[in-house]
Amino acid sequence: KKLVENPNVKVDPNELTPYEAETLFHGRVGHRLEQANDAVRSVDKEIAAAEVSLKNPNLRKDIDKYLVAKHAPERNAIHGEGAAGMTNDEAASIVEELGKNKEVVALSKKVKELNDQTLDILHNSQVIDDDMYRTLRETYKEHIPLNRVFEESDDMGQVLVGRGFDVRGSGVKRAKGSNLEVADVMTNITANLEQAIVRAEKNRVNLSTLKFARENKNLGLFTEVKPKVIGRNIDFKQGK
């Protein structure tokens, strides 16, 4: 705050200073999380109401199964047959069966739209670049998160807590096959959406700081260190 008041320091009047960006961070996160949770609750209420009206207590599980089955072939194609927890034949059978249920299809679409927001948020905040965004969109058009049920000590849900404004990772985790039970899809989507919002808003502060540092190299206060390129090609099947 004191630094930007120095008359010799360059400050873009149309951009937030790092201090202003950090000050607004908490309010922006709170507001966006509230909006996201309202959207999740709205879809959740629709599913609950449909369970009652249709007298189908398994509707939520059917939606999960349908979404996983639609995503399974594209995941299996990259990581091997069964990587999504089911084979392509099993997935096709589920899609054919549950695809006849109009409520399952309509509600699955709304759940999927919630999930799509996560990638958009990360892209719009420059946490992931255009290339990664296009790759994920084109490779996993039917993507839904297959986070697994882990012991509490293995839960990565708190990855953002207590790390200041460190967003060195994109939050997009490498997919791996597993025989463990798939967690509730809506729970996974909600957790990912919340984490994406926090990560995106942290990156706003980081981008503001980076711009300020680049425009004030003469101060001798900042050193920009660029990471070395480890690899240029992505080989999904080999995990590279």
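Values in this document were obtained by computation on a predicted structure and should not be read as measured data.
Between the side chain of T190 and the backbone N or O of M186 there is at least one donor-acceptor pair closer than 3.5 Å. N88 places no side-chain N or O within 3.5 Å of a backbone atom of E81 that could act as its donor or acceptor partner. With hydrogens and angles disregarded, a donor-acceptor distance shorter than 3.5 Å links the side chain of D184 to the backbone of T187. The backbone N or O of D89 sits nowhere less than 3.5 Å from a side-chain atom of S93 that would complete a donor-acceptor pair. E90 contributes a side-chain N or O that, together with a main-chain N or O of T87, makes up a donor-acceptor pair within less than 3.5 Å. Proximity of a side-chain donor or acceptor of S208 to a complementary backbone N or O of R204 within less than 3.5 Å is not detected.
A salt bridge is absent between K10 and E215: the closest approach of a Lys/Arg side-chain nitrogen to an acidic carboxylate oxygen does not fall below 4.0 angstrom. Salt bridge absent: K141 and E74 never bring a charged side-chain N and a carboxylate O closer than 4.0 Å. D120 and R137 are joined by a salt bridge, as a carboxylate oxygen and a charged side-chain nitrogen come within less than 4.0 angstrom of each other.
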Q.
Set out, in order, the CA-CA distance, both residues' side-chain angles and the distance that settles salt bridge (charged side-chain N to carboxylate O under 4.0 Å, His left out) for E113 and K110, then state yes or no.
A. CA-CA 5 Å; E113 287 171 351; K110 292 187 177 184; over 6 Å; no

(Q) side-chain contact (heavy atoms from CB on, under 4.5 Å), that's the test. Do L119 and I128 meet it? Break it down for me. (A) CA-CA 8 Å; L119 203 57; I128 61 175; 3.5 Å; yes

Q.
As a quick check of understanding, evaluate salt bridge (charged side-chain N to carboxylate O under 4.0 Å, His left out) for R60 and D64, giving each step before the final call.
A. CA-CA 6 Å; R60 192 177 300 271; D64 281 5; over 6 Å; no

**Q.** Derivation and outcome, side-chain contact (heavy atoms from CB on, under 4.5 Å), residues N37 and E194
**A.** CA-CA 8 Å; N37 285 319; E194 290 175 344; 3.0 Å; yes

Q. Between E5 and K1, is a salt bridge (charged side-chain N to carboxylate O under 4.0 Å, His left out) present by the stated rule, with each step listed?
A. CA-CA 7 Å; E5 293 173 350; K1 181 181 178 181; 5.4 Å; no

Q.
Before you tell me yes or no, could you show the steps for Q117 and L114 under side-chain contact (heavy atoms from CB on, under 4.5 Å), namely the whole-Å CA-CA distance, both residues' side-chain angles and the distance that decides it to 0.1 Å?
A. CA-CA 5 Å; Q117 290 182 35; L114 286 174; 3.9 Å; yes

**Q.** Criterion side-chain contact (heavy atoms from CB on, under 4.5 Å) on V111 and I47, from CA distance to verdict
**A.** CA-CA 10 Å; V111 172; I47 295 174; 4.1 Å; yes

Q: Might you work through the salt bridge (charged side-chain N to carboxylate O under 4.0 Å, His left out) test for D44 and R41, ending with a clear yes or no?
A: CA-CA 5 Å; D44 205 46; R41 281 193 291 268; over 6 Å; no

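Q126 pairs by the side chain to side chain donor-acceptor pair (under 3.5 Å) definition with nothing, not counting sequence neighbours.
Both V43 and V105 belong to a common hydrophobic cluster when Ile, Leu, Val, Met, Phe, Trp and Tyr are linked at side-chain heavy-atom distances under 4.5 angstrom. Tracing side-chain contacts under 4.5 Å through hydrophobic residues (I, L, V, M, F, W, Y), one never reaches L221 starting from Y19; they form parts of separate clusters. Both L54 and Y66 are part of a single hydrophobic cluster, where members link through side-chain heavy atoms under 4.5 Å apart. The hydrophobic clustering, which links ILVMFWY residues whose side-chain heavy atoms are closer than 4.5 Å, places L16 and V9 apart. Hydrophobic clustering (ILVMFWY, side-chain heavy atoms < 4.5 Å, transitive): L122 and L207 are in distinct clusters.
For the residue pair R75 / H71, a side-chain donor-acceptor distance below 3.5 Å is found, with atom types taken as modelled. In this model, a donor atom of one side chain and an acceptor atom of the other lie less than 3.5 Å apart for D130 and H123.
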Do any side-chain atoms of residues 94-103 form donor-acceptor pairs under 3.5 angstrom with protein atoms, and if so which ones, sequence neighbours left out?
residue: N101; atom: OD1; partner: E103; partner atom: N; Å: 3.0
residue: N101; atom: OD1; partner: V104; partner atom: N; Å: 3.2

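Of all the heavy atoms in A84 and V68, the pair that sits closest is O-CG1, 3.9 Å. Nearest approach of I144 to L67, heavy atoms of both residues: CG1-O, 3.8 Å. Taking both residues in full, the closest heavy atoms of E51 and P57 are given as OE2-O, 3.6 Å, listed atom of the first, atom of the second, then distance. Nearest heavy atom pair, residue A200 against residue V127, reads CA-CG2, 4.2 Å. Minimum interatomic distance between V205 and A21 (heavy atoms only, all atoms of both residues): CG2-O, 3.7 Å. What you find for L193 and A36 is that their closest heavy atoms are CD2-CB, 3.8 Å.
Taken to the nearest 0.5 Å, the CG atom of N58 stands 11.0 Å off from the CD1 atom of I63. A distance of 11.0 Å separates NZ of K217 from OG1 of T223, quoted to the nearest 0.5 Å. Within the model, atoms CZ of R134 and CG of D129 stand 8.0 Å from one another, a figure rounded to the nearest 0.5 Å. Residue E22 holds its CD atom at 11.0 Å from NZ of K202, rounded to the nearest 0.5 Å. Separation of atoms CD (Q195) and CG (L33) is listed at 10.5 Å; rounding is to 0.5 Å. To the nearest 0.5 Å, atom CG of residue N192 and atom CD1 of residue I189 are 8.0 Å apart.
Using a 4.5 Å cut-off on side-chain heavy atoms (C-beta onward), R32 and I121 make contact. Inter-residue side-chain proximity for E224 and L210 is flagged as met; some heavy-atom pair is nearer than 4.5 Å. Two residues are said to be in side-chain contact when any heavy atoms from C-beta on lie closer than 4.5 Å; L107 and E46 meet this criterion. Counting heavy atoms from C-beta on, the side chains of N6 and L219 never come closer than 4.5 Å.
The aromatic rings of F212 and F222 lie perpendicular to each other, with more than 60° between the two planes, well past the 30° mark.
Shown here is Y133, whose OH atom has more than 12 heavy atoms of other residues, nucleotides or ligands within 6.0 Å.
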